[in-house]
Colleague: 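Before anything else, here's the structure in question.
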Amino acid sequence: MVEDALLPPLRDVINRYGLRAEKSLGQNFLLDLNLTGRIARSAGPLAGETVLEIGPGPGGLTRAILSEGASMLIAVEKDSRCLPALADISNAYPNQLQVLNTDALELDETSLFEGQAKIIANLPYNVATPLLIKWLGRADRFSSMTLMFQKEVADRITAEPSTKAYGRLTILCQWLCVCTRQFDISPKAFTPPPKITSTVVKLVPRPKLAFPATQAILEKVVAAAFGQRRKMLRASLKPLGQPTDILLRKSDINPTRRAEELTVEEFCRLAQVFENSQ
Ligand code: SAM
């Protein structure tokens, strides 16, 4: 888009504003506009959409999101050194970019917009999982979340049963959202390069849950089951304080199975039986 052509290359932006990457803020910048464009396009058409970006940094992904036509972009950045670079982008896209200089962990993002928004972010790895869990708690307000994680976290979000990566995060994410891997990004694409490969994942909240359950109860059952993931469920579920053989028989689940073998549907059934037996 013509507005982006008015902005300087990202490497110049970083030099001009002295944006030396801070490890404590998880700063690994993406300077390749082909890649930032690809991430933004993974979120689907952005025209007319409100988008929330966490951690815009020098603004590579920010520029791509605006260039793809988002009508409003709310960007939350903790590092005030990035503000002048973001102000330049705001000038190139008048009235389309709102920047908040705050800690995303402490923010209720849903108070910043009406209706639904899409989240698109190259997340700081040290706070990516707590941020995702917070957003899952308000999944009704987000039409999609297109997020870059370290590959190991992406593996957990999209895992299949009976794999090492399948666990508590898998159940919570797949219960609430349809989760699909988009593509991997090599460490070489970042400045500075991190030690690990990154993966873009798209989570689309389910408008209606396929398997009903009370979230707090489901989380309790799943935590107990995976607390001792190598044990049979008849043993691992003991912390729930109920006779586990009865609980499992009523749920139509063989008590010799292990947590990682259960589907999301079976966990939801177990949670309902547990709730009704209390
Ligand atoms: N979006 C940029 C890109 O793709 O090049 C930067 C991504 S970098 C991995 C993560 C960004 O998140 C950094 O700009 C960092 O300052 C910011 N950040 C780290 N912790 C944050 C927090 N708690 N709240 C808001 N932003 C944070």
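First listed ligand is number 1; within each ligand, the first listed atom is number 1.
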Colleague: Does atom CG (Asn95) have a neighbourhood of more than 12 heavy atoms from anything else shown, all under 6.0 Å?
Modeller: no
Colleague: For atom 7 (C) of ligand 1, which candidate among Leu35, Leu19, Thr191, Asn122 holds the nearest heavy atom?
Modeller: Asn122
Colleague: Output the list of atoms in ligand 1 that are nearer than 4.0 Å to some heavy atom of Phe29, sorted by atom number.
Modeller: 5 (O), 6 (C)
Colleague: So that I know where these two stand, are Phe274 and Phe267 an aromatic pair - ring centroids less than 6.0 Å apart?
Modeller: no
Colleague: At what distance, to the nearest 0.5 angstrom, does OG of Ser198 lie from CE of Met148?
Modeller: 5.0 Å
Colleague: Out of curiosity, Gln182 CD to Lys202 NZ, how far, rounded to the nearest 0.5 Å?
Modeller: 6.0 Å
Colleague: Considering the heavy atoms of Val76, write down every atom of ligand 1 situated less than 4.0 Å from one of them.
Modeller: 25 (C), 26 (N)
Colleague: So, taking the atom named CZ in Phe29 and the one named CG in Leu19, what distance separates them when rounded to the nearest 0.5 Å?
Modeller: 6.0 Å
Colleague: What are the atoms of ligand 1, with element, lying closer than 4.0 Å to any heavy atom of Asp79?
Modeller: 16 (O)
Colleague: Any heavy atom of Pro56 closer to ligand 1 than 4.0 angstrom?
Modeller: yes
Colleague: So, are Arg257 and Glu266 salt-bridged, with charged N and O less than 4.0 Å apart?
Modeller: yes
Colleague: At a 4.0 Å threshold, what atoms of ligand 1 neighbour a non-hydrogen atom of Ala104?
Modeller: 22 (C), 23 (N), 24 (N), 25 (C)
Colleague: Which label fits Phe142 and Phe113: parallel for a plane angle under 30°, tilted from 30 to 60°, or perpendicular past 60°?
Modeller: tilted
Colleague: May I ask whether Cys82 places a heavy atom under 4.0 Å from ligand 1?
Modeller: no
Colleague: Give the residue, atom name and distance (to 0.1 Å) of the protein heavy atom nearest atom 12 (O) of ligand 1.
Modeller: Gly55 CA, 3.2 Å
Colleague: Charged N to carboxylate O under 4.0 angstrom, Lys151 versus Asp155?
Modeller: yes
Colleague: Please identify which atoms of ligand 1 are closer than 4.0 Å to at least one heavy atom of Gly57.
Modeller: 14 (O)
Colleague: Would you compute the distance between atom CD of Glu53 and atom OG1 of Thr62 and round it to the nearest 0.5 angstrom?
Modeller: 3.5 Å
Colleague: Flag the pair Asp108 and Lys134 as a salt bridge only when some basic side-chain nitrogen lies within less than 4.0 angstrom of an acidic carboxylate oxygen.
Modeller: no
Colleague: Give, for atom CG of Leu112 and atom CZ of Arg141, the distance between the pair rounded to the nearest 0.5 Å.
Modeller: 9.5 Å
Colleague: Return the residue, atom name and 0.1 Å-rounded distance of the protein heavy atom closest to atom 17 (C) of ligand 1.
Modeller: Glu77 OE2, 3.4 Å
Colleague: Short list, please: which atoms of ligand 1 are under 4.0 Å from a heavy atom of Thr102?
Modeller: 24 (N), 25 (C)
Colleague: Specify the protein heavy atom at minimum distance from atom 9 (C) of ligand 1: its residue, its atom name, and the distance to 0.1 Å.
Modeller: Gly26 O, 3.1 Å
Colleague: Atom 13 (C) of ligand 1: which protein heavy atom is closest, and how many Å away?
Modeller: Gln27 CG, 3.6 Å
Colleague: Can you tell me how far the OG1 atom of Thr199 sits from the CD atom of Gln150, to the nearest 0.5 Å?
Modeller: 9.5 Å
Colleague: Can you tell me which residue and heavy atom of the protein come closest to atom 20 (N) of ligand 1, and the distance to 0.1 Å?
Modeller: Pro124 CG, 3.6 Å
Colleague: Report the nearest protein non-hydrogen atom to atom 5 (O) of ligand 1: residue, atom name, distance rounded to 0.1 Å.
Modeller: Leu30 N, 2.8 Å
Colleague: Mind checking whether Asp103 contacts ligand 1 via backbone (N, CA, C, O), side chain (CB onward), both or neither, at a 4.0 Å heavy-atom cut-off?
Modeller: both
Colleague: If you have a sec, work out which protein heavy atom is nearest atom 27 (C) of ligand 1 and how many Å separate them, to one decimal?
Modeller: Lys78 CB, 3.8 Å
Colleague: Give the atoms of ligand 1, by number and element, whose distance to some non-hydrogen atom of Glu53 is under 4.0 Å.
Modeller: 1 (N)
Colleague: Any idea which of Ile54, Leu25, Ile14 brings a heavy atom closest to atom 15 (C) of ligand 1?
Modeller: Leu25
